[in-house]
Engineer: 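Let me give you the structure first, and then I'll get to my questions.
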Amino acid sequence: MGKGSIAAGFALLLATGALPASVHAQTSTLDVPASKKWKHAQTGLIVPQAPGGLPRTEITSEGQGELDIAVQFGDSKKTQATLYLFRPSLMSVPVWFDRVETQILLRSAYGNAVAADTPSGFAVPGGTATAALRRIYKPSTPPYSATGAAVLPLGDWLVVVRISSIDQAPAQLDATMSALIAGLGWPAMWAKTQHAPAAVPIQPCATPLRYDAKAKMKKPDMAAGLLGATLAMMASKRPETEEKAEDASPATFCRDGEPTKELGVYRHVPGDTQDYVIALSDAGRTISVYPDLFSDAKKPGYAVTLNTLDQSFVYPAFDRLPEPAKVLQAIDKTAPISSTARDSQTINIQEQ
């Protein structure tokens, strides 16, 4: 997963001056002694000094509030691992596992990597629901002998483990990854949640979505911007009780078209819907494209919302269903009309 892959999908958006400066996250190193455990304040996840026998070497955070954490372990000359902890804009283990797997299969350093097994569902330590996914791969070229990934839910956060080795066979690396995961301090309040749905790998959509090549972005509409930010605010609100959390179980998705390192396109299942989500790279950022609530058969429209880990930005709607590439181009050249911070009750209307 790595910083390079994150930049690949998100650079189109960060390069534009249309986005607020707060989106441009900077990386900082957390000052944690190697001899001490580290606890993530928002989730309660504890990272010890050497889980699974892999010494912890560095902890970094992108942006403010420890919303995007990376923890390094091991030795690059033998076996190394990275733990990513972030609160995704779309809570879906299958979607983000699919994005992580795409990075692995398309990474040149692994040659033509092949899966050593099928994706397997497993439970977060202390839990019972098979809400997490994992897989091991065998690279076709040296120096790596095996690599693997696991994606685990932690409330409305995700833990992603990436591990690679130059001296361990796939089965041995799988055991090492299991030991690393088991060696973390998992908060009981999340691990024992019974309502997490079983994670099932993403499948291709049965029929491709038909985009309209004539789609164009409309002029800014303040009413639509206000409504879009309100919907984003409601979608990011945390369930107040465990019963409501059960009702808010993650949606099921299929993948539309071929994925790339930069992005994947996903649609809700079941249903022949006219909405889709663009998952940027593999670290929690998305773009939602969905029918504008102000539209009708005579005057159709498709709303566009960019979702980062802590904010949502609403853009002018399209007059027809746009293809993903056109959405990215439009966001790169257009200022948002409204925004809202995650867990906030405030909507910001942008001057046009």
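For reference, positions follow the sequence shown, starting with 1.
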Engineer: Within the 3.5 Å criterion, strictly below it, is a donor on Arg342 or Ser89 matched to an acceptor on the partner's side chain?
Structural biologist: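 No pair is found: no donor N or O on one side chain lies under 3.5 Å from an acceptor on the other.
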Engineer: How about Tyr290 and Gln274: does a side-chain donor come under 3.5 Å of a side-chain acceptor?
Structural biologist: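 Result is no, nothing qualifies.
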Engineer: Can Gln311 and Ser339 be counted as having a side-chain donor-acceptor contact under 3.5 angstrom?
Structural biologist: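 The criterion, which ignores hydrogens and geometry beyond distance, is not satisfied for Ser339 and Gln311.
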Engineer: Measure the CD-OG distance between Gln172 and Ser145 for me, rounded to the nearest 0.5 Å.
Structural biologist: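 Separation between the atoms: 8.0 Å.
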Engineer: So Trp38 and Ile59, do their side chains get closer than 4.5 Å, heavy atoms only?
Structural biologist: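 A side-chain contact exists here, since the closest heavy-atom pair is under 4.5 Å.
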Engineer: Does the side chain of Thr286 come under 3.5 Å of the side chain of Asn307 through a donor N or O and an acceptor N or O?
Structural biologist: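 Short answer, yes.
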Engineer: Would you name the heavy atoms of Pro88 and Met91 that are closest together and state the gap between them?
Structural biologist: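 Where Pro88 meets Met91 most closely, the heavy atoms are CG-SD, 3.9 Å.
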Engineer: Between Lys39 and Gly44, which heavy-atom pair has the shortest distance, and what is it?
Structural biologist: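 Closest approach of Lys39 to Gly44, heavy atoms only: CE-CA, 3.7 Å.
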Engineer: Yes or no on ring-ring contact (aromatic ring centres under 6.0 Å, His included) for Phe318 and Tyr211, after CA distance, side-chain angles and deciding distance?
Structural biologist: CA-CA 12 Å; Phe318 278 83; Tyr211 306 112; over 10 Å; no
Engineer: Is the count of non-hydrogen atoms from other residues, nucleotides or ligands lying under 6.0 Å from Asp167 atom CG greater than 12?
Structural biologist: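 Yes, enclosed.
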Engineer: Answer yes or no: is there an ion pair linking Arg285 with Asp68, defined by an N-O contact shorter than 4.0 Å?
Structural biologist: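 Yes, charged N to carboxylate O under 4.0 Å.
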Engineer: Compare every heavy atom of Leu154 with every heavy atom of Pro187, then report the nearest pair and how far apart it is.
Structural biologist: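 Shortest heavy-atom contact: CD-CD1, 3.9 Å.
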Engineer: Taking only Lys NZ, Arg NE, NH1 and NH2, and the carboxylate oxygens of Asp or Glu, determine whether Asp212 and Arg320 approach each other closer than 4.0 Å.
Structural biologist: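 Looking at Asp212 and Arg320, the cut-off is met.
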Engineer: Look up atom CD in Gln103 and atom OG1 in Thr147, then write down how far apart they are to the nearest 0.5 Å.
Structural biologist: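 That separation rounds to 12.0 Å.
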Engineer: Quick check for you: to the nearest 0.5 Å, what is the distance between Thr102 atom OG1 and Asp282 atom CG?
Structural biologist: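 Spacing of OG1 (Thr102) from CG (Asp282) equals 9.0 Å.
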Engineer: Side-chain contact, heavy-atom cut-off 4.5 Å: Pro48 with Lys37?
Structural biologist: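 In contact.
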Engineer: Side-chain contact, heavy-atom cut-off 4.5 Å: Pro201 with Leu133?
Structural biologist: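 SC-SC contact between Pro201 and Leu133 confirmed.
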Engineer: Please tell me whether Ile46 and Val32 are part of a single hydrophobic cluster in this structure, the criterion being side-chain heavy atoms less than 4.5 Å apart.
Structural biologist: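 Hydrophobic grouping puts Ile46 apart from Val32.
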Engineer: Just how far is it from atom OG of Ser312 to atom CG of Leu306, taken to the nearest 0.5 Å?
Structural biologist: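 Ser312 atom OG to Leu306 atom CG measures 7.5 Å (nearest 0.5 Å).
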Engineer: Taking C-beta and beyond as the side chain, do Pro259 and Arg99 meet within less than 4.5 Å on heavy atoms?
Structural biologist: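 Counting from C-beta outward, Pro259 and Arg99 do come under 4.5 Å.
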Engineer: Between Asp174 and Arg134, is there a salt bridge with N-O shorter than 4.0 Å?
Structural biologist: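 Between Asp174 and Arg134 there is a salt bridge, with a charged N closer than 4.0 Å to a carboxylate O.
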Engineer: Could you tell me if Gln72 and Thr57 have a donor-acceptor pair between their side chains, going purely by distance under 3.5 Å?
Structural biologist: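 Judged by distance alone, the side chains do not pair up.
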Engineer: Hey, does Leu83 have a side-chain heavy atom less than 4.5 Å from the side chain of Val159?
Structural biologist: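 Yes; the side chains approach each other to less than 4.5 Å.
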Engineer: Scan Met217, Lys214, Lys218 and name whichever one has a side-chain contact (heavy atoms from CB on, under 4.5 Å) with Asp319.
Structural biologist: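 By the side-chain contact (heavy atoms from CB on, under 4.5 Å) criterion, Asp319 pairs with just one of Met217, Lys214, Lys218: Lys218.
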Engineer: Should Glu66 and Ser61 be marked as a side chain to side chain donor-acceptor pair (under 3.5 Å) after you check the CA-CA gap, both sets of side-chain angles, and the distance that decides it?
Structural biologist: CA-CA 6 Å; Glu66 297 186 357; Ser61 176; 5.9 Å; no
Engineer: Taking all heavy atoms of Ala279 and all of Tyr266, pick out the closest pair and write down the distance.
Structural biologist: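 Looking at all heavy atoms of both residues, the closest pair is CB-CE1, 3.7 Å.
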Engineer: I'd like to know if Arg255 and Asp98 make a salt bridge, using a cut-off of under 4.0 Å between side-chain N and carboxylate O.
Structural biologist: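 A salt bridge links Arg255 with Asp98.
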Engineer: Show the numbers, then the answer: is there a ring-ring contact (aromatic ring centres under 6.0 Å, His included) between Tyr110 and Tyr144?
Structural biologist: CA-CA 7 Å; Tyr110 299 140; Tyr144 296 105; 5.3 Å; yes
Engineer: Quick check on Gln64: does its CD atom have over 12 non-hydrogen neighbours (other residues, nucleotides or ligands) under 6.0 Å away?
Structural biologist: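 No.
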Engineer: Check the angle between the aromatic planes of Phe253 and His268 and answer parallel, tilted or perpendicular using the 30° and 60° thresholds.
Structural biologist: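 Answer is tilted, since the angle falls between 30° and 60°.
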